[in-house]
Protein chains: 2
Amino acid sequence: MNIAVSNLDLAFAALADPTRRRIVARLTRGELRVTDLALPFAMSLNAVSKHVKVLEGAGLVRRRREGREHYLRLRAAPLREVARWTSQYERFWIQRLDALGAFLEQQQENDDEGSQ
Amino acid sequence: MNIAVSNLDLAFAALADPTRRRIVARLTRGELRVTDLALPFAMSLNAVSKHVKVLEGAGLVRRRREGREHYLRLRAAPLREVARWTSQYERFWIQRLDALGAFLEQQQENDDEGSQ
DNA sequence: TATTCATTCAACCTTTTGGTTGAATAATAC
DNA sequence: GTATTATTCAACCAAAAGGTTGAATGAATA
């Protein structure tokens with residue numbers, strides 16, 4: 001029993017795994033059955049199934065049962081929430097650009113890449 | 001020893017924790033020392049220090065040492081990457097809106113909220 | 001009906017995460 | 001020079017994450 005895990009927590013956590021981001025990317029092309037979804041992944045079907053459940057838990061994926069087959073499709077709402085949270089900071093980084101000037105910021109940015 | 005953990009993995013994972021998102025929000029107002037940053041959090045300074053290191057590891061925070069004090073400031077680049085990845089799917093969700101019509105989509109959306 | 005197919009459930013394992021406490025380090029202040 | 005302050009390091013702990021394998025469930029097929 002969890003104490004108040006927000007939508008945003010779940011969405012960010014779900015998207016933190018590269019396999020799950022690939023799943024999301026894959027589902028933009030349309031609905032897929034679990035088995036078909038799992039095909040290109042170098043892991044067990046069970047592992048993919050668990051990833052799908054995580055995405056479902058975050059509301060990023062919705063499941064439609066048709067006999068023994070489960071069709072998965074993407075849901076946009078949580079992605080929009082993530083986009084909205086993140087874009088709050090657009091104001092922040094644009095301000096910094098304005099303050100220091102594009103040229104200096106560019107240099108700063110280059111320095112940053114180099115030292116990572 | 002980690003096998004290829006991407007920038008995006010680190011950024012999403014860093015932002016999945018609500019404390020760390022609060023830290024990010026807090027740092028938009030300007031630089032802060034670790035101690036001052038930690039003030040409003042109901043956890044040990046050490047815990048906050050560890051969160052800061054996670055954010056640093058994801059490139060979201062940069063540290064400037066001045067004597068014994070460490071000043072932390074926000075870095076926008078990884079936030080931009082997250083925004084860029086997420087907004088890839090804007091096309092996807094806009095398409096769905098177009099395809100089904102705003103009214104139906106709205107109803108769908110309402111159903112979705114209700115059953116979460 | 002017996003078999004195969006699509007999928008989940010359950011148990012297990014290892015690594016990571018998010019927190020704690022206590023000690024170490026290093027700079028400042030008295 | 002001793003105490004205090006700012007911060008990390010190290011060890012520990014419980015819970016969660018990401019994978020595995022094997023069994024269970026339930027629908028389709030032969």
Side-chain angles (χ1 to χ4, degrees), chain A residues 1-24 26-27 30-73, chain B residues 1-24 26-27 30-73:
Chain A
M1 201 94 293
N2 254 329
I3 44 145
V5 180
S6 81
N7 289 354
L8 222 39
D9 291 355
L10 293 172
F12 271 116
L15 296 173
D17 186 278
T19 301
R20 288 195 291 263
R21 286 202 307 282
R22 278 179 68 198
I23 290 178
V24 167
R26 204 124 193 290
L27 286 176
E31 283 193 336
L32 280 175
R33 298 181 316 149
V34 178
T35 308
D36 294 331
L37 174 66
L39 275 178
F41 294 98
M43 67 184 66
S44 73
L45 176 66
N46 272 8
V48 174
S49 170
K50 276 171 95 173
H51 279 304
V52 168
K53 262 187 298 184
V54 172
L55 289 165
E56 240 185 321
L60 280 156
V61 159
R62 166 121 333 177
R63 181 190 306 257
R64 172 173 67 81
R65 252 153 281 228
E66 195 168 302
R68 64 182 163 180
E69 295 168 321
H70 297 203
Y71 287 90
L72 307 168
R73 70 171 205 273
Chain B
M1 197 95 296
N2 254 328
I3 43 146
V5 180
S6 82
N7 288 355
L8 222 39
D9 292 355
L10 293 172
F12 271 116
L15 296 173
D17 185 278
T19 302
R20 288 195 291 262
R21 285 202 308 280
R22 277 180 68 199
I23 290 178
V24 167
R26 204 124 192 290
L27 286 176
E31 282 192 338
L32 280 175
R33 299 181 314 148
V34 177
T35 307
D36 295 332
L37 173 66
L39 274 178
F41 294 98
M43 67 183 67
S44 73
L45 177 66
N46 272 9
V48 174
S49 169
K50 276 170 95 174
H51 279 305
V52 168
K53 262 187 295 182
V54 172
L55 289 165
E56 240 186 322
L60 280 156
V61 160
R62 166 123 334 180
R63 181 190 306 258
R64 173 173 67 81
R65 252 151 284 226
E66 196 168 303
R68 65 184 162 179
E69 297 168 321
H70 297 203
Y71 287 90
L72 307 169
R73 69 172 206 274

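Throughout, a chain's letter reflects where its sequence line sits, starting with A, and its residues are numbered from 1.
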* Counting just side-chain N and O atoms, does His51(A) come under 4.0 Å of either OP1 or OP2 of dG18(D)? -> no

* Is Ser49(A) near enough to dT7(C) that one of its side-chain N or O atoms lies under 4.0 angstrom from OP1 or OP2? -> no

* To do: Round to a whole Å and report the spacing from CG of Asp17(B) to P of dA17(D).
  => 12 Å

* Ignoring backbone atoms, establish whether Lys50(B) has a side-chain N or O less than 4.0 Å from OP1 or OP2 of dT8(D). => no

* What is the distance from CD of Glu69(A) to C1' of dT8(C), rounded to the nearest Å? -> 15 Å

* Counting side-chain heavy atoms from C-beta on, which of dA6(C), dT21(D), dT8(C) comes nearest to Ser44(A)? -> dT21(D)

* To do: Return the nearest nucleotide to the side chain of Met43(B); candidates are dT20(C), dG18(C), dT7(D).
  => dT20(C)

* Hey, does Arg20(A) reach any base, or is it just sugar-phosphate, or nothing, if we go heavy atoms under 4.0 Å? -> sugar-phosphate

* To do: Calculate the interatomic distance between Leu45(A) atom CG and dT20(D) atom P; express it in whole Å.
  => 10 Å

* **Rounded interatomic separation in angstrom, taking CG from Asp9(A) and C1' from dA17(D)** => 15 Å

* To do: Please determine if a side-chain N or O atom of Lys53(B) lies less than 4.0 Å away from the OP1 or OP2 oxygen of dC9(D).
  => yes

* To do: Produce a footprint string for nucleotides 22-30 of chain D: one letter per nucleotide, 5' end first; B if the base is under 4.0 Å from any protein heavy atom, S if only the sugar-phosphate is, - if neither.
  => B---BBS--

* To do: Please list residues of residues 33-40 of chain B whose heavy atoms come under 4.0 Å from any atom in DNA chain D, ordered by number; otherwise none.
  => Arg33(B), Val34(B), Thr35(B)

* Kindly state each residue pair satisfying salt bridge (Lys or Arg N to Asp or Glu O under 4.0 Å) with at least one member in residues 44-55 of chain A, sequence neighbours excluded. => none

